[in-house]
**Q** 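I'd like to ask you about the structure that follows.
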Amino acid sequence: GTCCSYRLRDALHPLWQSPLSVPGGTRQSPIDIQWRDSIFDPYLRPLKISYDPDTCLHIWNNGYSFLVEFEDSADKSIIMGGPLENQYRLKQFHFHWGAINEWGSEHTIDSRVYPAELHLVHWNAVKYESFEDAVMEGNGLAVIGVFLKLGAYHDGLQKLVDALPAVKHKDEIVEFDSFDPSCLLPSCPDYWTYAGSLTTPPLTESVTWIIKKKAIEVDEDQLEAFRMLLFTSPGEEEKRMVDNFRPLQPLMNRTVRSSFQ
Ligand SMILES: NS(=O)(=O)c1c(F)c(F)c(S(=O)(=O)CCO)c(N[C@H]2CCc3ccccc32)c1F
Ligand SMILES: [Zn+2]
């Protein structure tokens with residue numbers, strides 16, 4: 001029956017590329033966000049997001065996920081406000097997803113798992129010279145997380161979905177232009193925020209996480225398109241790119257703040 005295959009699936013599902021836990025880590029990600037334990041912070045400002053579609057460079061399968069990278073040599077695609085002291089530049093966005101719709105997101109809300117999660121990765125270009133420097137600093141990065149749930153077809157996502165066959169294998173890359181990722185954000189401004197880490201190597205504790213309360217809806221075919229990507233290079237034995245999420249990490253001595261009551 002399906003139940004045992006789930007258990008089997010769970011037991012077999014490959015550990016995400018990063019170690020389960022980081023020795024000495026006190027602010028690791030992802031976490032389960034308990035809505036009732038989050039604290040409304042009236043001093044949290046609205047998040048200001050301004051992306052320039054002309055900074056969009058290419059879409060790339062790097063063997064972990066597929067990502068869309070942006071030209072970040074100027075303050076063209078930026079976020080500010082919210083919990084952030086400075087302006088952060090968009091570097092890339094990528095997704096995490098499961099082999100089936102029952103799991104796939106990295107963060108969870110009251111233990112609810114979503115089939116996928118979008119991450120928009122930004123770096124503090126006011127304080128640091130480069131993304132690589134910012135990755136090592138406590139206030140270096142800001143990642144916006146958006147949950148994807150099964151529902152209506154998502155028009156904005158389709159341009160990405162249509163490009164995926166061209167990056168089926170690891171290290172395939174294609175030009176991708178004039179895409180504005182704000183079309184992937186829910187219209188509701190509400191978010192949670194907490195101090196965390198990258199969820200892939202180098203797992204540095206340099207991320208201010210901003211997790212949107214509202215999920216965006218995508219349809220089954222769009223989710224399935226993610227699952228036809230491969231972790232493997234051409235010529236290697238094919239391994240489907242699925243379950244590329246890190247397990248939940250302990251909250252330890254952290255508070256999750258909400259921008260809403
Ligand atoms: N969930 S997450 O937001 O922590 C996160 C990822 F999950 C993820 F897969 C990637 S990656 O670029 O695809 C793989 C390399 O780490 C990055 N990329 C970042 C991490 C390190 C690094 C170095 C250069 C460019 C981008 C990144 C990432 F920030
Ligand atoms: Zn991610």
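None of these values were measured; they are calculated from a predicted model. As the structure lists them, so they are numbered: ligands from 1, and atoms in each ligand from 1.
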**Q** Are K213 and F260 in a cation-pi contact, defined as NZ or CZ under 6.0 Å from the six-membered ring centre and within 45° of the axis?
**A**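 Ring-cation test returns yes.
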**Q** Check this for me - ligand 1, Y64, N or O atoms closer than 3.5 angstrom, yes or no?
**A**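 Y64 vs ligand 1: no N/O contact under 3.5 Å.
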**Q** Flag T199 as yes when one of its N or O atoms lies below 3.5 Å from any N or O atom of ligand 1, and as no otherwise.
**A**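 Yes, at least one N or O pair falls under 3.5 Å.
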**Q** Just jot down the ligand 1 atoms closer than 4.0 angstrom to any heavy atom of E106, in number order.
**A**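 In order of number, 1 (N).
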**Q** Please confirm whether R246 comes under 4.0 Å of ligand 1, counting heavy atoms of the residue only.
**A**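 R246: no contact with ligand 1 (<4.0 Å).
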**Q** Any salt bridge linking D75 with R89? Criterion: basic side-chain nitrogen under 4.0 Å from a carboxylate oxygen.
**A**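 A salt bridge is present here (some side-chain N lies under 4.0 Å from a carboxylate O).
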**Q** Would you check the N or O atoms of T200, main chain and side chain alike, for any that come under 3.5 Å of an N or O of ligand 1?
**A**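 T200 vs ligand 1: N/O contact under 3.5 Å present.
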**Q** Heavy-atom contacts with H119 under 4.0 Å: which atoms of ligand 1 show up? List them by number with element.
**A**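 Listed by number with element, the hits are 1 (N), 3 (O).
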**Q** Which atoms from ligand 1 have a heavy atom of L67 less than 4.0 Å away?
**A**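 Checking each atom against L67, I get 13 (O).
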**Q** Between S29 and T199, is the side chain to side chain donor-acceptor pair (under 3.5 Å) condition met? List the steps.
**A** CA-CA 6 Å; S29 294; T199 67; over 6 Å; no
**Q** Does NZ or CZ of K91 lie under 6.0 Å from the centre of the six-membered ring of F131, at an angle within 45° of the ring axis?
**A**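 Satisfied, under 6.0 Å and within 45°.
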**Q** Do you reckon W192 sits in the same ILVMFWY cluster as Y88, going by side-chain contacts under 4.5 Å, direct or chained?
**A**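 Each belongs to a different hydrophobic cluster.
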**Q** Which ligand 1 atoms does V121 reach within 4.0 Å, using its non-hydrogen atoms?
**A**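 By the 4.0 Å cutoff, the relevant atoms are 3 (O), 29 (F).
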**Q** Taking the six-membered ring of F176 (Phe, Tyr or Trp), confirm whether the NZ or CZ of K159 is under 6.0 Å from its centre and within 45° of its axis.
**A**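 Yes - K159 lies over the ring of F176, closer than 6.0 Å to its centre and within 45° of its axis.
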**Q** Can you tell which of K91, E69, H94 gets a heavy atom nearest to atom 3 (O) of ligand 1?
**A**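 Result: the heavy atom closest to atom 3 (O) of ligand 1 is in H94.
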**Q** Can you say whether the rings of F147 and Y114 are parallel (under 30°), tilted (30 to 60°) or perpendicular (over 60°)?
**A**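 Parallel, since the angle between the ring planes stays under 30°.
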**Q** Which of the numbered atoms in ligand 1 are below 4.0 angstrom from a heavy atom of H96?
**A**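 That gives atoms 1 (N), 7 (F) of ligand 1.
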**Q** Using the ring of each side chain (for Trp, its six-membered ring), is F66 parallel, tilted or perpendicular to F226, with breaks at 30° and 60°?
**A**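 Geometry flag for F226 against F66: perpendicular rings.
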**Q** Look at atom 22 (C) of ligand 1 and find which of F93, W123, F131 reaches it with the closest heavy atom.
**A**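 When every heavy atom of F93, W123, F131 is considered, F131 comes closest to atom 22 (C) of ligand 1.
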**Q** Please name the atom of H96, restricted to N, O or S, that is closest to the Zn ion (ligand 2).
**A**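 Considering only N, O and S atoms, H96 comes nearest to the Zn ion (ligand 2) through NE2.
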**Q** With a cut-off of 4.0 Å, which atoms of ligand 1 are near a heavy atom of P201?
**A**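 Listed by number with element: 16 (O).
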**Q** Does V135 come within less than 4.0 Å of ligand 1, judged by its heavy atoms?
**A**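 It does not, in that no heavy atom of V135 comes within the 4.0 Å cut-off of ligand 1.
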**Q** Closest N/O/S atom of H119 to the Zn ion (ligand 2), by atom name?
**A**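 The H119 atom nearest to the Zn ion (ligand 2), restricting to N, O or S, is ND1.
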**Q** Can you name the atoms of ligand 1, numbered from 1 with element, that are less than 4.0 Å from a heavy atom of N62?
**A**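 So the atoms of ligand 1 that pass are 11 (S), 12 (O), 13 (O), 14 (C).
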**Q** Identify whether L67 and L230 are in the same connected component of the hydrophobic contact network (ILVMFWY, side-chain heavy atoms under 4.5 Å).
**A**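 No, no single cluster joins them.
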**Q** Using the rule that two of Ile, Leu, Val, Met, Phe, Trp, Tyr join whenever any of their side-chain heavy atoms come within less than 4.5 Å, decide whether L248 and V256 are in one cluster.
**A**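 Result: no, two separate clusters.
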**Q** Of all the atoms in ligand 1, which lie at a distance below 4.0 Å from a heavy atom belonging to Q92?
**A**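 The atoms of ligand 1 under 4.0 Å from a heavy atom of Q92 are 10 (C), 11 (S), 12 (O), 17 (C), 18 (N), 26 (C).
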**Q** Quick one, D32 with T108, criterion side chain to side chain donor-acceptor pair (under 3.5 Å). Give me CA distance, side-chain angles, the key distance, then yes/no.
**A** CA-CA 5 Å; D32 176 47; T108 55; 2.6 Å; yes
